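Report on the following structure.
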2 protein chains.
Amino acid sequence: MAWSFDKHTPVYLQIAGRIRNDIIRGVYPPDSQIPSVRQLALTAAVNPNTVQHALTALEAEGLIYSESTAGRFVTGNTELIESAKQQAARELVEEFLRRAQELSITKEQLIKMLEEENG
Amino acid sequence: MAWSFDKHTPVYLQIAGRIRNDIIRGVYPPDSQIPSVRQLALTAAVNPNTVQHALTALEAEGLIYSESTAGRFVTGNTELIESAKQQAARELVEEFLRRAQELSITKEQLIKMLEEENG
DNA sequence: ATTACTGTACTAGCACAATAATACAATATA
DNA sequence: TATATTGTATTATTGTGCTAGTACAGTAAT
């Protein structure tokens with residue numbers, strides 16, 4: 001199925017985020033090859049240039065590297081991946097707390113709401 | 001101080017969100033007047049048209065209404081405000097859990113991380 | 001009556017995300 | 001050798017968020 005995107009945030013950032021998450025989760029293991037630009041463009045139902053934009057961003061982060069004409073691969077640096085995972089988790093929690101504060105919701109209320117959620 | 005905005009999301013949505021939160025939190029009480037378009041534009045350091053765009057969105061939600069030449073006012077419908085508060089909290093938690101799932105972080109880990117945060 | 005404030009409307013222009021359509025060099029494979 | 005696939009680059013076009021500037025009508029206060 002074609003990926004679904006939020007209307008109000010750049011598609012290339014959403015694609016980069018999704019692939020970054022897949023690397024962090026191990027869907028794309030270290031040193032493994034990721035799908036080609038054209039294949040990802042087909043899967044996501046977007047223009048190849050948009051995918052290229054996203055992958056360039058991930059390459060700048062060091063999470064992937066491109067082997068000339070062979071394709072793109074996940075970094076073998078597992079420490080970098082672990083670091084990215086920690087950072088993503090930290091940013092997630094921090095943004096959550098910040099937005100909760102903007103709504104004057106206390107941490108205790110948040111934990112209660114989380115426990116009541118079915119997940 | 002001028003408001004700070006995230007680079008990658010439309011400013012008018014961020015302004016609308018901020019004012020919505022202020023209504024929800026009671027910073028702008030029911031039936032009270034909110035600052036004028038031009039005043040908000042000065043405060044936020046953006047163009048008046050951008051503020052107008054944001055306020056039009058809030059008006060469509062029913063949270064504010066405009067009195068011709070007198071100004072804009074928060075709705076007197078406290079149930080609507082309460083409803084908006086519940087919805088905002090629910091969406092916050094749901095998005096948080098969804099993004100955590102994308103990182104393969106369990107609910108138990110999240111609660112532990114929240115408790116360890118200083119807030 | 002004049003002044004100052006309100007909301008509202010309109011045009012023009014800039015920046016950027018995104019699409020579309022190619023094109024080229026390098027490599028692996030049939 | 002020929003073909004397909006890889007990453008990469010280029011140009012043009014469209015849509016939209018945002019700014020800038022201006023204008024008008026209605027109301028309250030001086």
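All values derive from a computational prediction rather than experimental measurement. Naming convention: chains lettered A, B, ... in sequence-line order (proteins, then strands); numbering from 1 in each chain.
- With the nearest nucleotide of DNA chain D identified for both A/Val37 and A/His8, A/Val37 has the one nearer the 5' end.
- Looking at the side chain of A/Thr69, the nearest of the listed nucleotides D/dA20, C/dA26, D/dA23 is C/dA26.
- Atoms NE2 (B/His53) and C1' (D/dG17) sit 8 Å apart, rounded to a whole Å.
- For C/dT8, one of the phosphate oxygens OP1 or OP2 lies less than 4.0 angstrom from a side-chain nitrogen or oxygen of B/Ser66.
- Using a 4.0 Å heavy-atom distance criterion, A/Glu67 is classed as making no nucleic acid contact.
- Atom CG in A/Asn49 sits roughly 15 Å away from atom C1' in D/dT6 (whole-Å rounding).
- Between the P atom of D/dG17 and the CG atom of A/Asp6 lies a distance of 12 Å, rounded to the nearest Å.
- Side chain of B/Glu102 to main chain of A/Asn21: no donor-acceptor pair is present (N/O by atom type, distance under 3.5 Å, no hydrogens or angles).
- The pair A/Arg72-A/Glu59 meets the salt-bridge criterion, since a charged nitrogen lies less than 4.0 angstrom from a carboxylate oxygen.
- Relative to the side chain of B/Arg72, the nucleotides D/dT10, D/dG21, C/dG7 differ in distance, and C/dG7 lies closest.
- Between D/dT19, C/dG7, C/dT19, one nucleotide has an atom nearer to the side chain of A/Asn47 than all others, and that is C/dT19.
- With rounding to whole Å, A/Tyr65 atom OH is found 13 Å from D/dT8 atom P.
- For A/Ser36 and D/dT6, the shortest distance from a side-chain N or O to OP1 or OP2 is below 4.0 Å.
- Distance CD1 (A/Ile34) to P (D/dT6): 12 Å, rounded to an integer number of Å.
- Spacing between atom CD1 of A/Ile15 and atom P of C/dA17 amounts to 13 Å, rounded to whole angstrom units.
- Under the 4.5 Å side-chain criterion, counting only non-hydrogen atoms from C-beta, B/Val27 is not in contact with B/Ile23.
- Computed from coordinates, the A/Arg38 CZ to D/dA9 P distance equals 13 Å when rounded to whole Å.
- In terms of the ring pair (Phe, Tyr, Trp, His ring centres under 6.0 Å) criterion, B/Phe5 has no residue partners (sequence neighbours excluded).
- In the model, B/Thr50 has no side-chain atom that pairs as donor or acceptor with a side-chain atom of B/Asn47 under 3.5 Å.
- As a whole-Å value, the separation of A/Leu40 CG from D/dT6 P is 10 Å.
- Both A/Lys7 and A/Gln33 lie close to DNA chain D; mapped to their nearest nucleotides by heavy-atom distance, the more 5′-ward contact belongs to A/Gln33.
- The 5' end of DNA chain C is approached more closely, in terms of each residue's nearest nucleotide, by B/Ala70 than by the other of B/Ala70 and A/Gln14.
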